[in-house]
Structures are given as structure tokens and as C-alpha cells.
Amino acid sequence: MADNTPAGPAETGAEMDYAEHERTYNLFLTISKYSSLVVIAILVAMAFGFFTSAGFFSSTVLFILITALGTWLLR
């Protein structure tokens, strides 16, 4: 069988698509940022609902408010 592995240094390989790399990295940062916001909002709303007498409806409203405010701040 033929050996098709390159024998030269890695720097002589294919050109890197830096524009695609930047788009992918920015997408990763955006997904991480908003996922962290949703997890924090869920934890705060759960703590509000479980440790106070507020109830499910009030904690749901708090979750929506935190998510909306966080989305506005993270734009």
C-alpha cells in the first residue's frame, strides 16, 4: 500500500482559513455566554422559588426577567 502521509513539516500543509476560524470562535463565545446566562438565571429562579414563599409563577417571572435583562446587557 502507498504511504500518503506528508514527510515535510506541518507548516507546509494546507492554508488555514482564518475567516472561518474567527467565525467559529465567535459562535463558540456567543453560545458559551448565553448558556451561562440561562444556567445562572435557572439557579437564581430555583433558589427564589424553593427558599421563599414566592412559588412557581413568581420564580418563572424572575427567570424571564433575568434572562431578558442579561440578554440586553450581553448584546
For this session: May I ask whether Ile40 and Leu62 are part of the same hydrophobic cluster, defined by side-chain heavy atoms of I, L, V, M, F, W, Y residues being less than 4.5 angstrom apart, directly or through others?
Result: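 Yes; Leu62 is reachable from Ile40 via cluster members.
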For this session: Using side chain to side chain contact (heavy atoms under 4.5 Å, CB included) as the criterion, point out the one residue from Leu29, Thr71, Val39, Thr67 that pairs with Tyr34.
Result: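 When Leu29, Thr71, Val39, Thr67 are each tested with Tyr34, the side chain to side chain contact (heavy atoms under 4.5 Å, CB included) holds only for Thr71.
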Problem set entry | Pairs satisfying salt bridge (charged side-chain N to carboxylate O under 4.0 Å, His left out), at least one member in residues 21-47, at least two apart |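 Every salt bridge (charged side-chain N to carboxylate O under 4.0 Å, His left out) pair that includes a residue of residues 21-47, provided the two are not neighbours, is Glu20-Arg23.
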Exercise. Between Tyr18 and His21, how do the two ring planes meet: parallel, tilted or perpendicular, split at 30° and 60°?
Worked result: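 Aromatic pair Tyr18/His21 classed perpendicular.
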Drop me the distance from [X]'s [atom1] to [Y]'s [atom2], to the nearest 0.5 angstrom.
X     : Y     : atom1 : atom2 : value
Ile64 : Ser59 : CD1   : OG    : 10.0 Å
Phe48 : Phe56 : CZ    : CZ    : 13.5 Å
Leu27 : Ser32 : CG    : OG    : 9.0 Å

Which atom names give the shortest non-hydrogen contact between [X] and [Y], and what distance separates them?
X     : Y     : answer
Phe63 : Val38 : CE1-O, 4.0 Å
Ala41 : Ile66 : CB-CG2, 3.6 Å
Ala54 : Ser58 : O-OG, 3.4 Å

